Amino acid sequence: MRVLSGIQPSGAMHIGNYLGAIRQWVAAQGPDAYYCVVDLHALTLEIEPAALRRQSDDLLAILIACGLDPTRTTLFVQSDVPYHAQLSWLLECVASYGELTRMTQFKEKSGRQQGYRVGLLTYPVLMAADILLYQSQQVPVGDDQRQHLELTRDIAERFNARYGEVFTIPEGVQPPVAARVMDLQEPERKMSKSVASPLGCLFLLDEPTTIERKIKRAVTDTDGEMRYDPAAKPGLANLLEIFAALTETTPTRVAEGYSRYGDLKSDLAEVVVEALRPIGARYEELRADLGELHRLREVGAEKAVEVAARTYGAAAAAMGLTPRP
Ligand code: TYM
């Protein structure tokens, strides 16, 4: 099964990324899985060049610390493979302006700023290029990427119908629980790197005391009734989902074990701290050896280029371009 997914180096990784996506990446890793740090995507919003460089290294290290093994699977940085930007242009000439302006994420992000970058609009086309270059069958992502996946399928189908069968039609896959982890302070909003409230986001590298404080302060509700009900009790449901995901059970079953929110929160803090402890330790080791990290990055780029070059060549030729041998 060919698998591809990506994550932006736009900020520190949080538990939403981890539970919604990265754990699925680790489970699906192998010779046919491709995972990328999508640095080109991070340019769609303001980011300091030095921060982008540093955060790309940070992210590579934390992905390996989460359990990805770059000797068993392909882990690479998007901008190391020039075909992503190249295929993106070809697909911009297949996608329509209307379908891009309808994207929820575009509407949200463009609404927050004046003079937003064109890249914010064309972003999902670059994402389609990431996916289609590797002929991916499955794309493990959190719930917030579903719409972009649908668009990718539409673009691929249109391309194939117009120019001949070049692309595999991919499918998005979500985890059974915690596909959309919510902000701990505003549980009606998803947890996010870019618009995190200081106490609302649990970062993978947070200190144990910080994790405890954030979970203790998490917004719940006032009726004190312990049950899993995302619509009526979104804050509590979010905590139950995080707990369930980390202990391989269901939110309802977690709720059955508690009567008081306080007890649930203390145990959840412990579960989170214990789950993240080995990741933090391994991260420190990996991040200390930048030479080795960059060597691994190069190994990934070489493997990715091989596959991407083939698909790009086929797509370009199908459209009437003549790629040089
Ligand atoms: P990004 O960098 O925002 O997030 C990386 C992954 O984490 C998931 N995620 C969440 N899951 C559950 N709860 C949350 N609160 C939460 N926040 C984020 C995302 O769904 C994603 O799976 N456009 C993508 C990056 C991308 C990509 C791709 C993904 C670029 N090219 C190709 C897949 C395939 C993004 O911004 O993810």
Side-chain angles (χ1 to χ4, degrees), residues 2-26 28 33-45 47 55-56 58-59 62-63 66 76-79 81 84-85 87-88 91 103-106 108-109 119-120 122-153 155-156 170-184 186-197 200-204 230 234 237-238 241-242 245 304 308:
R2 181 60 67 85
V3 176
L4 173 129
S5 199
I7 178 168
Q8 293 197 53
S10 52
M13 199 199 286
H14 56 69
I15 198 147
N17 301 129
Y18 181 62
L19 297 178
I22 310 307
R23 281 205 326 172
Q24 279 56 243
W25 295 17
V26 174
Y34 294 78
Y35 299 120
C36 65
V37 170
V38 293
D39 52 352
L40 297 175
H41 278 93
L43 295 172
T44 56
L45 296 175
I47 185 164
Q55 287 168 197
S56 298
D58 292 346
L59 196 49
I62 202 154
L63 287 170
C66 284
F76 68 102
V77 177
Q78 185 186 30
S79 67
V81 182
H84 290 246
L87 182 63
S88 186
L91 300 181
M103 292 290 115
T104 309
Q105 211 163 75
F106 166 70
E108 278 172 13
K109 291 189 178 171
L120 201 60
T122 56
Y123 173 115
V125 183
L126 178 58
M127 178 163 160
D130 300 338
I131 295 168
L132 300 178
L133 269 178
Y134 298 87
Q135 304 290 8
S136 324
Q137 294 160 289
Q138 289 201 336
V139 185
V141 280
D143 184 69
D144 62 332
Q145 298 300 319
R146 281 163 86 136
Q147 199 186 24
H148 291 159
L149 246 301
E150 278 308 307
L151 179 72
T152 301
R153 292 165 58 91
I155 293 174
E171 213 177 5
V173 274
Q174 268 90 45
V177 66
R180 189 178 193 84
V181 176
M182 309 308 279
D183 187 288
L184 299 181
E186 296 175 57
E188 46 299 310
R189 208 175 72 180
K190 75 167 182 185
M191 188 179 280
S192 153
K193 307 190 256 264
S194 45
V195 278
S197 48
C201 195
L202 280 177
F203 294 105
L204 258 57
N238 192 37
E241 287 205 24
I242 297 172

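Numbering of ligands and ligand atoms starts at 1, following listing order. Only a predicted model underlies this, so the values are computations on that prediction, with no experimental measurement involved. For the single chain, residues carry numbers from 1 onward in sequence order.
- Note that CE of M103 and CD of E108 are 12.5 Å apart. Values are rounded to the nearest 0.5 Å.
- Less than 4.0 angstrom separates some heavy atom of A21 from each of these atoms of ligand 1: 6 (C), 7 (O), 22 (O).
- The protein heavy atom nearest to atom 11 (N) of ligand 1 is G16 O, 3.1 Å.
- When each atom of ligand 1 is checked for a heavy atom of Q145 under 4.0 Å away, the hits are 19 (C), 20 (O), 23 (N), 24 (C), 35 (C), 36 (O), 37 (O).
- Every atom of ligand 1 with a heavy atom of G20 under 4.0 Å away is listed here by number and element: 11 (N), 12 (C).
- Heavy atoms of M191 found under 4.0 angstrom from ligand 1 belong to the backbone as well as the side chain.
- Ranking protein heavy atoms by distance to atom 1 (P) of ligand 1, first place goes to K193 NZ, 3.7 Å.
- Here the protein heavy atom with the shortest distance to atom 28 (C) of ligand 1 is M127 CG, 3.5 Å.
- Remark: of the listed residues Q8, Q78, H84, Q78 is the sole one forming a side chain to side chain donor-acceptor pair (under 3.5 Å) with H41.
- Close approach to D144 involves these atoms of ligand 1, each under 4.0 Å from a residue heavy atom: 9 (N), 18 (C), 19 (C), 20 (O).
- Residue H41 approaches ligand 1 through these ligand atoms, each under 4.0 Å from one of its heavy atoms: 30 (C), 31 (N).
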Test side-chain contact (heavy atoms from CB on, under 4.5 Å) on V77 and L59 and set out the steps.
-> CA-CA 10 Å; V77 177; L59 196 49; over 6 Å; no
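- Smallest separation of non-hydrogen atoms from I22 and C66: CG2-CB, 3.9 Å.
- At a 4.0 Å heavy-atom cut-off, ligand 1 touches I7 through backbone and side chain alike.
- In the candidate list T44, L126, I242, N17, N17 is nearest to atom 18 (C) of ligand 1, counting heavy atoms.
- At a 4.0 Å heavy-atom cut-off, ligand 1 touches I131 through the side chain alone.
- Remark: ligand 1 atoms within the under-4.0 Å shell around heavy atoms of L4 are 32 (C), 34 (C).
- Closest protein heavy atom to atom 24 (C) of ligand 1: Y123 OH, 3.4 Å.
- Counting heavy atoms from C-beta outward, I7 and L63 have side chains that approach closer than 4.5 Å.
- Distance alone, capped at 3.5 Å, places no donor-acceptor pair between the N238 side chain and the P187 backbone.
- The proximity of V181 to ligand 1, defined as any non-hydrogen pair under 4.0 Å, involves the side chain as well as the backbone.
- If you look at M182 next to ligand 1, there are no close heavy atoms at all, none under 4.0 Å.
- Ranking protein heavy atoms by distance to atom 17 (N) of ligand 1, first place goes to H14 CE1, 3.5 Å.
- When hydrogens are left out, the protein atom nearest atom 25 (C) of ligand 1 is G6 O, 3.6 Å; that is the closest non-hydrogen contact.
- The side-chain heavy atoms of L132 and L91, taken from C-beta on, include a pair separated by under 4.5 Å.
- The backbone of A179, and not its side chain, has at least one atom closer than 4.0 Å to an atom of ligand 1 (non-hydrogen atoms only; backbone = N, CA, C, O).
- With a 4.0 Å heavy-atom cut-off, ligand 1 is reached by the side chain of V139 but not by its N, CA, C or O.
- Scanning the protein for heavy atoms near atom 31 (N) of ligand 1, the closest one is D130 OD2, 2.6 Å.
- Proximity of a side-chain donor or acceptor of Y34 to a complementary backbone N or O of Y134 within less than 3.5 Å is not detected.
- For the pair L149 and I131, the minimum side-chain heavy-atom distance is below 4.5 Å.
- Between H148 and F106, the distance from one ring center to the other does not fall under 6.0 angstrom.
- Annotation: side chain of T44 is not in contact with side chain of K109 (no heavy-atom distance under 4.5 Å).
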